[in-house]
Amino acid sequence: VRRACALRRIGDTIHIMTSDNTTSETAKIVKTLRRNCGLTLRELGWNAKTSAAALNDYEAGRHEAKLSTLRRIADAAGCDIIIEVRPRAT
């Protein structure tokens, strides 16, 4: 079962929750960040110092971005990346 990426705002924090394995995590994160900030691929790419083509590839799941690249994209979208590690639900 494929589930979409959920976006939840708590105060000033945007939580991106993913639960499927059919779409890359990078694709969901990049697409959600871009849509949330209201920028085009070209605008976000310019602000993040990467190309619109690279962002398009990340969103389509053709390439995975490094954490440093995700940090630049999040920064350009006005967000921070917070990594949380939790035990797996059994």
Side-chain angles (χ1 to χ4, degrees):
V1 175
R2 184 175 180 187
R3 289 182 226 147
C5 181
L7 177 68
R8 181 174 58 157
R9 182 181 292 274
I10 300 174
D12 290 332
T13 305
I14 298 167
H15 296 266
I16 301 170
M17 297 153 290
T18 59
S19 60
D20 68 18
N21 292 321
T22 58
T23 306
S24 79
E25 298 301 311
T26 300
K28 289 181 269 193
I29 291 168
V30 172
K31 190 175 290 191
T32 302
L33 284 170
R34 185 175 63 79
R35 287 181 176 168
N36 186 64
C37 71
L39 297 175
T40 65
L41 285 169
R42 178 179 268 186
E43 292 166 334
L44 184 59
W46 176 266
N47 293 340
K49 297 179 178 38
T50 192
S51 68
L55 288 174
N56 189 46
D57 285 343
Y58 298 145
E59 286 190 7
R62 289 187 289 270
H63 296 288
E64 293 291 325
K66 294 183 204 176
L67 183 56
S68 59
T69 303
L70 284 176
R71 187 178 301 154
R72 284 197 331 268
I73 294 167
D75 187 51
C79 295
D80 293 316
I81 291 182
I82 300 169
I83 298 172
E84 182 177 320
V85 178
R86 294 183 181 180
R88 290 188 181 122
T90 55

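- Around the CZ atom of Arg62, the shell of radius 6.0 Å holds more than 12 heavy atoms that belong to other residues, nucleotides or ligands.
- If you take CD1 on Ile29 and CD on Glu59, they are separated by 12.0 Å, rounding to the nearest 0.5 Å.
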Residues 64-81 side chain polar contacts: donor-acceptor under 3.5 Å, at least two apart:
{"from": "Glu64", "atom 1": "OE1", "to": "Thr26", "atom 2": "OG1", "distance (Å)": "2.5"}
{"from": "Glu64", "atom 1": "OE2", "to": "Ser24", "atom 2": "OG", "distance (Å)": "3.1"}
{"from": "Arg72", "atom 1": "NE", "to": "Ala48", "atom 2": "O", "distance (Å)": "2.8"}

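- Distance check, rounded to the nearest 0.5 Å: CZ of Arg34 to CG of Asn56 gives 8.5 Å.
- Across all non-hydrogen atoms, the minimal contact from Glu43 to Gly38 is OE1-O, 4.3 Å.
- Nearest heavy atoms, Gly61 versus Ala27: N-CB, 4.0 Å.
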